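See below for the structure under consideration.
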Amino acid sequence: MNVKHEIAYVRAQDGSGQRDPVRITDADGTPVCERCKPAVTFRSRLRGLMLRKRLLDDEGLLLSPAGAIHTFFMRFPIDAVFLDRSLVVVGIEGAIDPWRTAKQRGAKSVLELPAGESSRRGLAVGDQLTLAA
């Protein structure tokens with residue numbers, strides 16, 4: 001199941017709306033991103049976090065499909081957590097400044113978090129993440 005279909009499944013289970021954020025947890029059920037906004041359409045991926053002033057510690061953006069990101073027109077640094085089809089972490093790029101790019105071979109989705117949040121949450125390559133209601 002790809003991320004777009006998995007998000008739709010989670011939302012159908014809990015009755016949340018199409019624009020409601022999802023929750024991402026690690027294998028132990030510990031929250032990685034409590035309010036993660038999915039960006040699964042071309043338009044939502046293109047806009048991303050541009051023109052936002054900041055991300056709160058519990059916020060994030062899940063881009064899918066995506067194997068690379070840019071921080072053009074952004075005002076703050078972010079962490080990028082690269083995920084494969086099964087939401088296994090295949091790479092982490094910390095504190096990416098505005099006007100930069102990042103990519104990871106094998107990535108099918110990217111979780112964007114506030115700078116430093118991936119290390120604060122203890123994320124590592126090989127971690128299995130899960131979408132939750």
Side-chain angles (χ1 to χ4, degrees):
M1 183 181 305
N2 68 28
V3 173
K4 186 174 183 176
H5 292 121
E6 194 166 337
I7 290 167
Y9 176 77
V10 167
R11 287 183 170 156
Q13 296 300 314
D14 73 352
S16 61
Q18 207 171 24
R19 297 185 187 274
D20 291 344
V22 295
R23 188 170 181 242
I24 298 178
T25 61
D26 65 13
D28 299 330
T30 305
V32 171
C33 183
E34 288 90 352
R35 294 184 301 139
C36 186
K37 184 173 180 178
V40 295
T41 65
F42 174 77
R43 187 174 180 167
S44 64
R45 288 191 311 270
L46 181 64
R47 180 177 165 109
L49 296 173
M50 289 190 303
L51 308 177
R52 292 248 343 229
K53 291 184 180 177
R54 67 183 180 119
L55 271 178
L56 300 176
D57 290 343
D58 65 345
E59 287 184 314
L61 182 70
L62 180 61
L63 301 156
S64 181
I69 61 162
H70 69 80
T71 58
F72 304 148
F73 304 103
M74 288 180 56
R75 302 175 184 187
F76 53 91
I78 60 168
D79 287 356
V81 180
F82 295 93
L83 307 167
D84 69 6
R85 284 187 206 283
S86 302
L87 298 181
V88 173
V89 177
V90 294
I92 300 172
E93 186 78 32
I96 304 168
D97 288 323
W99 297 98
R100 301 286 184 261
T101 62
K103 63 182 178 177
Q104 177 67 46
R105 182 182 298 230
K108 302 301 179 192
S109 301
V110 182
L111 174 60
E112 296 181 346
L113 299 170
E117 197 65 19
S118 61
S119 62
R120 188 173 85 72
R121 302 278 179 160
L123 291 175
V125 172
D127 286 353
Q128 174 68 60
L129 303 185
T130 305
L131 291 173

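These numbers were taken from a predicted model, which means no experiment stands behind them.
- Here the side chains of Arg35 and Leu56 are in contact, with some heavy-atom distance below 4.5 Å.
- Using a 4.0 Å cut-off between charged nitrogen and carboxylate oxygen, Glu117 and Arg54 do not count as a salt-bridge pair.
- Between Ser86 and Lys108 the shortest side-chain heavy-atom distance does not fall below 4.5 Å.
- Both Leu51 and Phe72 sit in one connected hydrophobic cluster of ILVMFWY residues. Membership requires side-chain heavy atoms under 4.5 Å apart, directly or through other members.
- The hydrophobic cluster containing Leu123 also contains Leu62, counting ILVMFWY residues as joined when their side-chain heavy atoms lie under 4.5 angstrom apart, directly or transitively.
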Between Val81 and Val32, does the side-chain contact (heavy atoms from CB on, under 4.5 Å) criterion hold? Intermediate values first, please. CA-CA 11 Å; Val81 180; Val32 171; over 6 Å; no
Give the table of side-chain donor-acceptor pairs shorter than 3.5 Å for residues 97-105, with sequence neighbours excluded, one pair per line with atom names and distance.
none

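- Cluster annotation: Phe82 and Leu55 are assigned to the same hydrophobic cluster (Ile/Leu/Val/Met/Phe/Trp/Tyr, side-chain heavy-atom contacts under 4.5 Å, transitive).
- Closest approach of Gln128 and Val88 over heavy atoms only: OE1-CG2, 3.1 Å.
- Cluster membership check: Leu63 shares its hydrophobic cluster with Ile96, using side-chain heavy-atom separations under 4.5 Å among Ile, Leu, Val, Met, Phe, Trp and Tyr.
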(message) Please evaluate residues Asp127 and Val89 with respect to the criterion side-chain contact (heavy atoms from CB on, under 4.5 Å), reporting the C-alpha separation (whole Å), side-chain torsions for both, the decisive distance (0.1 Å), and the verdict.
(response) CA-CA 5 Å; Asp127 286 353; Val89 177; 4.0 Å; yes
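- A distance-only check finds no donor-acceptor pair linking the side chain of Arg23 to the backbone of Glu34 [under 3.5 Å].
- One hydrophobic cluster, built from ILVMFWY side chains closer than 4.5 Å, holds both Leu87 and Ile24.
- Between Asp79 and Gly94, the shortest heavy-atom contact is OD1-CA, 3.3 Å.
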### Query
Given Glu59 and Lys53, is the salt bridge (Lys or Arg N to Asp or Glu O under 4.0 Å) satisfied, shown in steps?
CA-CA 13 Å; Glu59 287 184 314; Lys53 291 184 180 177; over 6 Å; no
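- Test Val110, Leu49, Leu113, Leu111 against Ile78 for side-chain contact (heavy atoms from CB on, under 4.5 Å) and you get one pass: Leu49.
- What you find for Pro77 and Ala95 is that their closest heavy atoms are CB-C, 4.3 Å.
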side-chain contact (heavy atoms from CB on, under 4.5 Å) assessment of Arg47 paired with Arg52: CA-CA 10 Å; Arg47 180 177 165 109; Arg52 292 248 343 229; 5.6 Å; no
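- Among all heavy-atom pairs drawn from Ser118 and Ile92, the shortest one is OG-CG2, 3.6 Å.
- When every heavy atom of Cys33 is checked against every heavy atom of Gly60, the shortest pair comes out as SG-N, 3.3 Å.
- With rounding to the nearest 0.5 angstrom, the OG atom of Ser64 is 9.0 Å from the CG atom of Leu83.
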Quiz item: Step by step, would you call Asp26 with Leu129 a side-chain contact (heavy atoms from CB on, under 4.5 Å)?
Solution: CA-CA 4 Å; Asp26 65 13; Leu129 303 185; 4.2 Å; yes
